[in-house]
Amino acid sequence: MLVSKTYPNLKDVTYHLITSTKELEIALRSLEQSSILGLDCETTGLDPHTHTLRLIQIAVPNQPVILIDLPQIAPCDRGLLQQFLAKPTLKITHNGKFDWQFLTQAGLQPSAPFFDTQLAYRVLTAGLKTSLSLQTLAQKLLNIELDKTQQVSDWSKPLTSQQLQYAALDAAILLELYPILVKKLERWQSLPAGNLQLLKIAQLEFHCMPAVAQMELNGMLLDLSRWQRLGAKLESDRDTALQQLSQLRIAGNAQMSLLPEMTDTINPNSPQQVLAALQSSEIPVSSTHQKELVPLAKHYPVIRALLDYRHLSKIMATFADSLPKHIHPVTGRIHPTYYQLGARSGRFSCRNPPLQTIPRDAAVRTCFIAAPGCQMVRADYSQIELRIVARLSGDARMQRAYRKGEDLHRLTAALVTGKAIADVSEEDRRLAKAINFGLIYGMGATKLQSYAETKYGVTLSLEQAKAFRKRFFEAYAGVAEWHETIKRNYIRGIKESRTLAGRRRRWADKPRLAELLNHPVQGLNADITKLALVKLNKVLVGTGAKLICTVHDEILLECPAAEAKHISYLLLRCMIAAARKFLHPIPVVVDIKVSASWGGDET
DNA sequence: TCAGAGTGCGCC
DNA sequence: AAACGGCGCACGCTGA
């Protein structure tokens, strides 16, 4: 099954199957001396709320792999195992989040430190589209072909020797991967540029893993009846928009008579058909993209109706109809999957359902509620990306503004319009937001124009967009220089980028300039939020607070109402401490709210 | 008929 | 010369 001269330890991996408490006691004693162990589990399925552990595999160097047939060990006899896993032995896992969740559900929560080979490999390959399966790692790092056919076998029946052999190998191989990955993570540390701490980034991820695992187990509570009422309203609004759309289309049909086959068979969800219909009504569009339609909405009611319809049907399809399907039958809560290295920048990604993209609309967010007797405590970093830009670029004016606690958007508005700060209008400030957020990643004038219109409702001519762009970089010369520095790297053909914390992103091909501008910022934001989660996980021990969601620069907790004040203090402290480590001397501002729901606005 | 690329848009 | 980045999901459409 496995042939390798290089890894004699993996040739004929021997194992010891434990089926009684007595055997377990002896086996655990034999493992006690080792400072590291490979840990893996086989389960009856993938859901830690409904499926259960079947086998726990523990590998230590130079010993048979211990395979614990957990159902054979009476729950009252699992104390020793629980104590064993709670010891500070280094646990080497592959996708340890999964094992952590099942072990935790079984009352066998493993304690740090962890070394997760999957996270480690992603830290090394961030930005590349590499597979992260154990099979791939075995192949690339050990030159071994791993047979995973047993992975999907039936683990609820009596175990076959193939299953046992497979299970033992999965744990044993972790011990071989570990030193290789450590060496790779450390190698980058010795490069001359300094501050290259890939091992530290990997350890940040390892420390974050239990917080993420627990966050998934905790899930979020949706007020279903409120949600359904909202859904009904959205649906009727959508249908109203659709009706308007069809009436308006008929009204415009004088021009459409050339294409009679289109008049009543247009699918409003088809960009192709909509584009053809708009063009045949002599509306000057080259695509039906939002950015092209928004400026026309003022002049054409049909476009307004189309945009309204699209918005509402988007929310209906992606959220209103789908979220209730994700309510877990056992917990009654929504448990998405978070991938802590899901984004190339180091950010989390989240799916099933995508809680990171829930509409901001208060009507939507107030449906996400704290459990009875509990409050939601949520906090987000104020303008974290702009503060990071101020920190990285060293731009004097930005730094001064932040240190004096000024409103950077107002400042930008004043600088680009030439007005005094006191005369800056609300619209000027919205314009400035578009400018600040857009231009820091190198947006061009054309995009700035449509971005300001679409996202901030500010209409600009192309000339104005060009002029504002020019003035922005004159006003923030440090930002312009920072861009120039990165541009030089870009021209040199550099293929990787680092955050201040050392996180690296790689490119297989030539990166785009904007990607090189973005990664140090978005990546550091991820570093900071993850550090905050790690700090938080420590201080929340013993409290009633639960981590329930994180959205890039925001952290949501749920806790008994009586604790809310204390918990919000802890959350604030952790987030500020995490950001301060990298942003100093730029001040860190965290906005914190305690409320009954995600949308509530109390405190 | 079904996988997959493309379009479009929700969030930060 | 010019260039915002990072996601996941639903949908219509294409081509084998």
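Heavy-atom basis, side chains included; hydrogens, waters and symmetry copies ignored. Just so you know, these numbers come straight off a predicted model, no measurement behind them. Lettering of chains follows the sequences in order, A, B, ..., and the numbering in each one begins at 1.
Side-chain N/O atoms of A:Glu481 and A:Tyr476 include no donor and acceptor closer than 3.5 Å.
Salt bridge A:Glu558/A:Arg333: present, at least one basic N to carboxylate O contact under 4.0 Å. Remark: A:Glu474 does not engage A:Arg471 in a salt bridge, criterion side-chain N to carboxylate O under 4.0 Å. The residues A:Glu385 and A:Arg347 are annotated as salt-bridged, a charged nitrogen and a carboxylate oxygen being separated by less than 4.0 angstrom. Under the 4.0 Å criterion applied to side-chain N and carboxylate O atoms, A:Lys593 and A:Asp380 are not assigned as salt-bridge partners. We find that A:Asp237 and A:Lys233 are joined by a salt bridge, their nearest charged nitrogen and carboxylate oxygen being less than 4.0 Å apart.
Listed nucleotides C:dC9, C:dA3, C:dG5 differ in distance to A:Ala514; the shortest reach to its side chain belongs to C:dG5. Each of C:dG6, C:dG8, C:dA2 was ranked by its minimum atom distance to the side chain of A:Arg351; first place goes to C:dG8. Nearest nucleotide to the A:Gln273 side chain, out of C:dA3, C:dG6, C:dC13: C:dC13. Checked against C:dC7, C:dA3, C:dG5, the side chain of A:Lys487 finds its nearest nucleotide in C:dA3. Ranking C:dA3, C:dA10, C:dC4 by closeness to the A:Ala317 side chain, first place goes to C:dA10. When distances run from any side-chain atom of A:Tyr490 to the nucleotides C:dG5, C:dC4, C:dA2, the shortest one goes to C:dA2.
Side-chain atoms of A:Arg347 come within donor-acceptor range of the base of C:dG6, with a qualifying N/O pair under 3.5 Å. Judged by atom type and distance alone, A:Glu515 does not reach the base of C:dG5 through any side-chain donor-acceptor pair under 3.5 Å.
As a whole-Å value, the separation of A:Trp507 CH2 from C:dG5 P is 11 Å. Rounded to whole angstrom, the span from the NZ atom of A:Lys447 across to the P atom of C:dA3 amounts to 8 Å. In this entry the distance linking CZ of A:Phe437 with P of C:dG5 reads 17 Å, nearest Å. Atom C1' of nucleotide C:dC4 and atom OH of A:Tyr476 are separated by 17 Å, given to the nearest angstrom. In this structure, A:His552 places its NE2 atom 12 Å from P of C:dG6, rounding to the nearest Å. Distance, A:Ile491 CD1 to C:dA2 P: 14 Å, rounded to whole Å. The interatomic distance linking A:Leu517 (CG) with C:dA2 (P) rounds to 16 Å, in whole Å. Going from atom CZ of A:Arg344 over to atom C1' of C:dG8 covers 13 Å, rounded to whole Å.
When side chains are defined from C-beta on, A:Val479 counts as touching A:Val389, because their heavy atoms get closer than 4.5 Å.
Backbone-only contact: A:Gln290 has heavy atoms under 4.0 Å from sugar-phosphate atoms and none from a base. Backbone-only contact: A:His311 has heavy atoms under 4.0 Å from sugar-phosphate atoms and none from a base. Here A:Phe348 lies out of heavy-atom contact (under 4.0 Å) with every strand. If you check every strand for non-hydrogen atoms under 4.0 Å, A:Arg469 touches nothing. Using a 4.0 Å heavy-atom criterion, one finds that A:Ile358 contacts the sugar-phosphate atoms exclusively. Contacts of A:Ser313 with the nucleic acid, taken as non-hydrogen atoms under 4.0 Å apart, are absent.
For C:dG5, neither phosphate oxygen OP1 nor OP2 lies less than 4.0 angstrom from any side-chain nitrogen or oxygen of A:Ser345. Note on A:Arg310: every side-chain N or O is 4.0 Å or more away from OP1 and OP2 of C:dA10. The shortest distance between the side-chain N/O atoms of A:Asn352 and the OP1/OP2 oxygens of C:dC9 is below 4.0 Å. For A:Arg503 and C:dG6, the shortest distance from a side-chain N or O to OP1 or OP2 is not below 4.0 Å. OP1 or OP2 of C:dG12 lies within a sub-4.0 Å distance of a side-chain N or O belonging to A:Asn267.
Side-chain rings of A:Phe437 and A:Tyr451 stay apart, their centers remaining 6.0 Å or farther from each other.
Protein chain A touches strand DNA chain B; the 5'-most and 3'-most nucleotides with an atom under 4.0 angstrom of its non-hydrogen atoms are B:dT7 to B:dC12.
Between A:His49 and A:His335, the ring planes lie tilted relative to each other; the angle falls in the 30° to 60° range.
Using P as the reference atom, C:dA3 and B:dC11 are 26 Å apart when rounded to the nearest Å.
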